Amino acid sequence: MKLFTSAILLCAAGIAAAESLPEVLVFSKTTGFRHGSIAAGVKALTELGEGSFVVEATEDPGDFTPGNLTRFDAVVFLNTTQNVLNESQQEAFESYLRHGGGYVGIHAAADTEYEWPFYGKLLGGAWFKTHPAVQEAIVVVEDHHHPTLSHVPARWTQTDEWYEFRANPRSRVHVVASLDESTYDVAEGMGDHPIIWTVPVGDGAGIYTGGGHTVESFSESSFREHLKQCVLWAI
C-alpha cells in the first residue's frame with residue numbers, strides 16, 4: 001500500500017512540475033516560401049524544451065488573441081514568411097510583447113511582415129534582401145557573455161543560408177554575433193553583417209538568429225544549444 005501511495009505521489013509531483021514549466025508558442029505559418037526544415041525545427045524545439053519549457057506548435061494566426069497569448073512566456077517565429085497576422089492579431093502580439101512577453105525569430109522570421117512597422121522594430125529594420133548559396137561561414141561572437149553563445153568559440157563555424165538584409169540593424173539593436181564575410185561567398189555583401197541580435201520591447205524583449213534554413217542545422221549540437229538558450233533568454 002505504501003509503495004502504491006508513493007507511486008501516486010511521485011506521479012502527481014511529476015504532473016505538477018510539468019504544469020509549472022514555462023510555455024512557449026512556436027508559430028510557423030507561411031504565405032510565401034516554405035522551408036522544408038520547419039518540421040525539423042518544431043521537433044528540435046520540442047526536444048530541447050524537455051525539463052525546461054513546454055512547446056505548443058501552431059500555424060493558426062487565430063491563436064494570436066490577448067487572452068491566448070497570456071498563456072505563453074515566449075513566442076517563436078520559426079521560418080515564417082510574408083504576411084502571417086491580420087491587424088487585430090498584430091495588435092495582440094505587440095501588446096503581449098510590450099507587457100513582458102518574449103520573442104524569438106529564427107531565420108525566415110526576417111522574411112515576414114514587411115508592412116508592419118512594429119515588427120520591423122523587432123528586426124532593427126533588417127528584413128531579408130537576398131542570400132547566396134548554402135555554405136560554411138564563420139560567425140564572429142561579439143558578446144562573449146551572452147548566454148545564447150557562451151558555449152561556442154569566438155569564431156564559430158556554421159553552415160547555413162546566410163541572409164543579407166535590407167538595412168544594417170546595428171544602431172537599433174544589441175548585436176550578439178556577426179558574419180565574417182571574408183569566409184564565404186556573399187551575394188551582394190553588407191560589409192558589417194550582424195546575424196544574431198537582441199532588442200528590448202517595452203517590458204518584453206526579442207532575439208533574432210539568422211540560422212535555421214537547413215534540416216541539418218536542427219540536429220547540429222551547438223546550434224541546438226544556441227536555440228535552447230535563445231528561448232530561455234526570451235522567457
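On a predicted model such as this, the values are computed, not experimentally measured, just so you know.
Judged purely by atom type and a 3.5 angstrom limit, Trp127 has no side-chain atom pairing as donor or acceptor with the backbone of Gly120. Proximity of a side-chain donor or acceptor of Glu225 to a complementary backbone N or O of Ser222 within less than 3.5 Å is not detected. Between the Arg71 side chain and the Gly67 main chain, no donor and acceptor come within less than 3.5 Å of each other. The backbone N or O of Thr112 lies less than 3.5 Å from no partner atom in the side chain of Thr80, so there is not a single donor-acceptor pair. No donor-acceptor distance shorter than 3.5 angstrom exists from the side chain of Asn79 to the backbone of Ser37, with no hydrogens or angles considered.
Between Ser150 and Gln229 there is no side-chain heavy-atom pair separated by less than 4.5 Å. Side-chain contact between Leu232 and Phe53: present, with at least one pair of heavy atoms (C-beta onward) separated by less than 4.5 Å. Under the 4.5 Å side-chain criterion, counting only non-hydrogen atoms from C-beta, Gln158 is not in contact with Ser217. Proximity of Phe118 to Glu113: side-chain heavy atoms (C-beta onward) are nowhere separated by under 4.5 Å. Side-chain contact between Val231 and Lys228 is absent, with no heavy-atom pair separated by less than 4.5 Å. Within the 4.5 Å cutoff, side-chain heavy atoms of Leu69 are placed close to those of Leu25. Annotation: side chain of Thr159 is not in contact with side chain of Thr214 (no heavy-atom distance under 4.5 Å). In this structure, the side chains of Phe64 and Asn68 stay at 4.5 Å or more apart for every pair of heavy atoms.
The cluster map of Ile, Leu, Val, Met, Phe, Trp and Tyr, joined by side-chain heavy atoms under 4.5 Å apart, puts Trp116 and Tyr114 in the same cluster. In the hydrophobic clustering of this structure, Ile235 groups with Val75; members are Ile, Leu, Val, Met, Phe, Trp, Tyr whose side-chain heavy atoms approach within less than 4.5 Å, directly or through other members. Taken together through direct or relayed side-chain contacts under 4.5 Å among Ile, Leu, Val, Met, Phe, Trp and Tyr, Val215 and Trp162 form parts of separate hydrophobic clusters. Transitive grouping of hydrophobic side chains (ILVMFWY, heavy atoms separated by less than 4.5 Å) brings Tyr208 and Val152 into a common cluster.
Considering only residues two or more places apart in sequence or on other chains, Glu188 meets the side-chain contact (heavy atoms from CB on, under 4.5 Å) condition with Lys129, Thr130, Glu164. Applying the side-chain contact (heavy atoms from CB on, under 4.5 Å) rule to Asp180 yields the partners Ile138, Val140, Arg155, Ser182, Thr183; only residues at least two apart in sequence or on another chain are considered. With sequence neighbours left out, the ring-ring contact (aromatic ring centres under 6.0 Å, His included) criterion links Trp156 to His226. Take His146 and apply the ring-ring contact (aromatic ring centres under 6.0 Å, His included) test, not counting sequence neighbours, and it matches Trp233. Evaluation of the side-chain contact (heavy atoms from CB on, under 4.5 Å) rule for Thr46 yields Val42, Val55 as partners, not counting sequence neighbours.
Across every non-hydrogen atom of Leu21 and Gly51, the tightest pair is CD2-O, 3.7 Å. Here the closest heavy-atom approach between residue Ala154 and residue His144 is recorded as CB-CE1, 3.6 Å. Across all non-hydrogen atoms, the minimal contact from Gly212 to Phe218 is O-CE1, 3.3 Å. Between Leu48 and Arg224, the closest heavy-atom pair is CD1-O, 3.3 Å. Between Cys230 and Ile207, the closest heavy-atom pair is SG-CD1, 3.8 Å. Residue Arg34 comes nearest to Thr30 through the heavy atom pair NH1-OG1, 3.0 Å, listed as atom of the first residue, atom of the second, then distance.
Within the model, atoms CZ of Arg166 and CE of Met190 stand 12.5 Å from one another, a figure rounded to the nearest 0.5 Å. Within the model, atoms CG of Leu85 and CD of Glu91 stand 11.5 Å from one another, a figure rounded to the nearest 0.5 Å. Atoms CD and NE2, on Glu94 and His99 in that order, are 10.5 Å from each other to the nearest 0.5 Å.
Looking only at atom types and distance, the side chain of Asp60 has no donor-acceptor partner in the side chain of Thr58 under 3.5 Å away.
A centroid separation of less than 6.0 Å is found between the aromatic rings of Tyr119 and Phe77. The ring of Phe128 has its center no closer than 6.0 angstrom to the ring center of Phe33.
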Under the criterion side-chain contact (heavy atoms from CB on, under 4.5 Å), I'd like the reasoning laid out for Leu97 against Leu122: C-alpha separation, chi angles, the key distance, then a yes or no. CA-CA 10 Å; Leu97 288 176; Leu122 277 180; 3.9 Å; yes
Where do Glu161 and His131 land on the side chain to side chain donor-acceptor pair (under 3.5 Å) test, with the steps shown first? CA-CA 7 Å; Glu161 180 184 77; His131 64 78; 3.3 Å; yes
Under 3.5 Å donor-acceptor pairs involving side-chain atoms of residues 193-206, not counting sequence neighbours:
{"unit_1": "His193", "atom_1": "ND1", "unit_2": "Glu181", "atom_2": "OE2", "d": "2.8"}
{"unit_1": "His193", "atom_1": "ND1", "unit_2": "Tyr184", "atom_2": "OH", "d": "3.4"}
{"unit_1": "His193", "atom_1": "NE2", "unit_2": "Tyr163", "atom_2": "O", "d": "2.7"}

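For His151, the NE2 atom is densely surrounded, since the number of other residues' heavy atoms within 6.0 Å is greater than 12.
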